[in-house]
Amino acid sequence: MTNTDVLVCGGGIAGPALAYCLHRQGFRPVVVERAPALRPGGQTVDLRGVARTVVERMGCMDRVREVSLDQRGFALVDDDGRILARMPTELFGGEGIISEIEVLRGDLSRVFYEASTPHTEYLFDDTVTAIEQDRDGVTVRFERAPERRFAFVVGADGLHSTVRNLAFGPEEACVQSLDCQLAWFTAPGDDELDGWYLMHNAPGGLVTSIRPGRLPNESKAGFAFRSKRLDVDRRDLARQKDIVAKTFADVGWKAPKLVEAMRGASDFVLAELGQVRLDSWSRGRVVLLGDSAWCPSPLTGLGTSLAVVGAYVLAGELAAAHGDYRVAFPRYEALMRPYVKRNQELPPGGVKGFAPDTALSISMRAMSMRWMGRWPLRNLLAGQFNKAADFKLPDYGWLDGHVTTGNGARAAKTTSPALEQRAS
């Protein structure tokens, strides 16, 4: 193919992971990101199932483990901070509520960025404003950069995807709300955590949580509450903080202390939980990846793993089809959709299980969690926690970013065999 330039919109986790995989398959990736630089910190994400295999094939696993968090597990607490139930990390083979590999979103993004940046052009502080397709490619207009041509455009820009809005339609038609709001922010370190991710439920569907950060002087805190979509500007952080503070004004445990920390947090985010469900993930030469295509919601703990696996498959199928998107995109979807569908299933109870609204349902949640490690509940939940491993990962001919030469030495791979065949 004559044009191997691929525009990837989104510089979070899915975008840089895809950029790395695209380069390994012989494409020239360009990543555009609205933020002025990589977004540091953020909350904790998981690497589960076959996503770990993809990261190993990328040659990034050692670096991921260097920046991963040391967490002992998950626990529910009462108003006085007493443990009601707990799930150690090692339960369910490291695939339980707390995964064996937990890493801050910003740290994982940086690992993939550093792996991809030698062969990827990054456009920060910019976004796409128009996409025009024709038989030979895609013309893209940017808010700041000059107009450019690409072979394909990939929307890897999250739940509120700009690419999806431009090519697929308004967000209201693509996102199904779960009627739950979730706020995350960084708080001061808390020695009482002792390595545990602690969560407190209060009547009314109110959830307060705090977990260790990677640095000893910080923790990662959250507030969640069941609510319809809020009538507030997404950029009005002061108003959003007021809403959260008012909602948790009468809640006990660490809520007052965390509300105070939230007021001064520079990384505060309030988001509505939702899932993306689309009949197709592509429109011509435009294709979606990760939360833009299939956001499962943070309640599943599988969004990051799905994005990493999807990046690997999308790049591999484009190369296997010699750059013919009419073959590659349907094949990518055929491989990923059953896997995505299984992993979009919410944990037992869904939002009600995560944010129970009565004292009785809160007690029942703690009771059921105490039984999670015992038969028969353990067997039932094992299937839920092992879904991320339920995928046969294709082999696209590269491993750890290298190929083996004829004399057995390892050499960097720069072009995929499929694209070399196309070029010849």
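For the residue pair Ser305 / Arg48, no side-chain donor-acceptor distance below 3.5 Å is found, with atom types taken as modelled. Side-chain contact of Arg277 with Gln344: a donor-acceptor pair under 3.5 Å is present, judged by distance alone. Donor-acceptor pairing under 3.5 Å is lacking for the side chains of Arg337 and Ser280. At a cut-off of 3.5 Å, with distance as the only test, no side-chain donor of Asp190 or Ser219 sits close to an acceptor on the other residue. The closest side-chain donor-acceptor pair between Gln275 and Ser297, if any, does not fall under 3.5 angstrom. If you check the side chains of Asn201 and Arg365, you find a donor sitting under 3.5 Å from an acceptor. Side-chain atoms of Lys254 and Thr208 form no donor-acceptor pair, as typed in the model, at a separation below 3.5 Å. Side-chain atoms of Tyr197 and Glu102 form no donor-acceptor pair, as typed in the model, at a separation below 3.5 Å. Between Thr120 and Tyr20, the side chains place no donor N or O within less than 3.5 Å of an acceptor N or O (distance only, hydrogens not considered). A donor-acceptor contact closer than 3.5 angstrom is absent between the side chains of His200 and Asp78.
Tyr396 and Tyr312 have tilted rings, their planes meeting at an angle from 30° to 60° on a 0 to 90° scale. The aromatic rings of Phe223 and Phe248 sit tilted, their planes meeting at an angle between 30° and 60°. Aromatic ring orientation, Tyr325 versus Phe329: tilted (interplanar angle from 30° to 60°).
Ring-centre distance between Phe152 and Phe150: not below the 6.0 Å cut-off.
The pair Asp125-Arg34 does not count as a salt bridge, with every side-chain nitrogen at least 4.0 angstrom from each carboxylate oxygen. With respect to Glu121 and Arg148, a salt bridge is recorded, a charged nitrogen being found less than 4.0 Å from a carboxylate O. Ionic pairing of Arg28 and Asp5 is present here: one or more N-O contacts between side-chain nitrogen and carboxylate oxygen are shorter than 4.0 angstrom. Electrostatic pairing of Arg331 and Glu333 does not count as a salt bridge here, judged by no charged N lying under 4.0 Å from a carboxylate O.
The two residues Leu273 and Pro298 have their closest heavy-atom pair at CD2-CD, 3.6 Å. The shortest heavy-atom contact between Met87 and Ile97 is SD-N, 3.5 Å. Of all the heavy atoms in Ala261 and Ala187, the pair that sits closest is CB-CB, 4.0 Å. Of all heavy-atom pairs spanning Gln240 and Arg234, the tightest one is NE2-O, 2.9 Å. When all heavy atoms of Pro394 and Val313 are compared, the closest pair comes out as CD-CG2, 4.4 Å. Here the closest non-hydrogen pair linking Gly10 and Glu33 is C-OE1, 3.7 Å.
Between atom CG of residue Leu289 and atom CG of residue Asp157 there is a gap of 10.0 Å, rounded to the nearest 0.5 Å. If you take CG on Leu237 and CG on Leu270, they are separated by 9.0 Å, rounding to the nearest 0.5 Å.
A donor-acceptor contact shorter than 3.5 Å links the side chain of Lys387 to the backbone of Glu345. With hydrogens and angles disregarded, no donor-acceptor distance shorter than 3.5 Å links the side chain of Lys220 to the backbone of Ser209. Side-chain atoms of Ser109 do not come within 3.5 Å of backbone N or O of Arg105 as any donor-acceptor pair. A donor-acceptor pair is defined here as one N or O able to donate and one able to accept, closer than 3.5 Å; no such pair exists between the side chain of Ser227 and the backbone of Gln181. With hydrogens and angles ignored, the 3.5 Å screen pairs no side-chain donor or acceptor of Asp236 with any backbone N or O of Val232. Judged by distance alone, with hydrogens and angles left aside, the side-chain atoms of Ser116 form a donor-acceptor pair with the main-chain N or O of Tyr113 at under 3.5 Å. Between the side chain of Arg164 and the backbone N or O of Ser292 there is at least one donor-acceptor pair closer than 3.5 Å.
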Item checked: Full working for side chain to side chain contact (heavy atoms under 4.5 Å, CB included) between Thr44 and Val103 -> CA-CA 5 Å; Thr44 304; Val103 59; 6.0 Å; no

Note to self: Applying salt bridge (Lys or Arg N to Asp or Glu O under 4.0 Å) to Glu132 and Arg141, what does each step give before you reach the verdict?
What the structure shows: CA-CA 9 Å; Glu132 296 179 1; Arg141 290 197 290 275; 3.1 Å; yes

Check: Are Glu100 and Arg65 close enough, and set up right, to give a salt bridge (Lys or Arg N to Asp or Glu O under 4.0 Å), and what steps lead you there?
Finding: CA-CA 10 Å; Glu100 175 198 355; Arg65 289 191 180 277; 3.5 Å; yes

Next item on the list: With salt bridge (Lys or Arg N to Asp or Glu O under 4.0 Å) as the test, would you mind laying out the steps for Asp126 and Arg144 before giving the verdict?
Entry: CA-CA 6 Å; Asp126 208 346; Arg144 298 177 181 271; 5.3 Å; no

Note to self: Between Cys174 and Leu278, does the side chain to side chain contact (heavy atoms under 4.5 Å, CB included) criterion hold? Intermediate values first, please.
What the structure shows: CA-CA 6 Å; Cys174 303; Leu278 299 172; 3.7 Å; yes

Margin query: Evaluate Leu198 against Trp253 for side chain to side chain contact (heavy atoms under 4.5 Å, CB included), listing each step before the verdict.
Written below: CA-CA 11 Å; Leu198 304 182; Trp253 189 50; 3.8 Å; yes

Next item on the list: Using the side chain to side chain donor-acceptor pair (under 3.5 Å) rule, take Thr186 and Glu218 through it: C-alpha gap first, then chi angles, then the decisive distance, then the call.
Entry: CA-CA 7 Å; Thr186 298; Glu218 70 175 26; 4.9 Å; no

Margin query: Could you go through Leu258 and Phe185, starting from their C-alpha distance and side-chain angles, then the distance that decides it, and tell me whether this counts as side chain to side chain contact (heavy atoms under 4.5 Å, CB included)?
Written below: CA-CA 9 Å; Leu258 293 179; Phe185 54 95; 4.2 Å; yes

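Around atom CZ of Arg226, more than 12 heavy atoms belonging to other residues, nucleotides or ligands sit under 6.0 Å away. Within 6.0 Å of atom CG in Asp70, 12 or fewer heavy atoms from other residues, nucleotides or ligands are found, so the atom counts as exposed in its surroundings. Counting heavy atoms of neighbouring residues, nucleotides and ligands inside a 6.0 Å radius, atom CG of Asp62 does not exceed 12 of them. Within 6.0 Å of CG in Asp233 there are more than 12 heavy atoms belonging to other residues, nucleotides or ligands. Counting heavy-atom neighbours within 6.0 Å of Arg149 CZ, excluding the residue itself, gives a total above 12.
For the salt bridge (charged side-chain N to carboxylate O under 4.0 Å, His left out) test with Asp107, the passing option among Arg39, Arg214, Arg63 is Arg214; the others fail.
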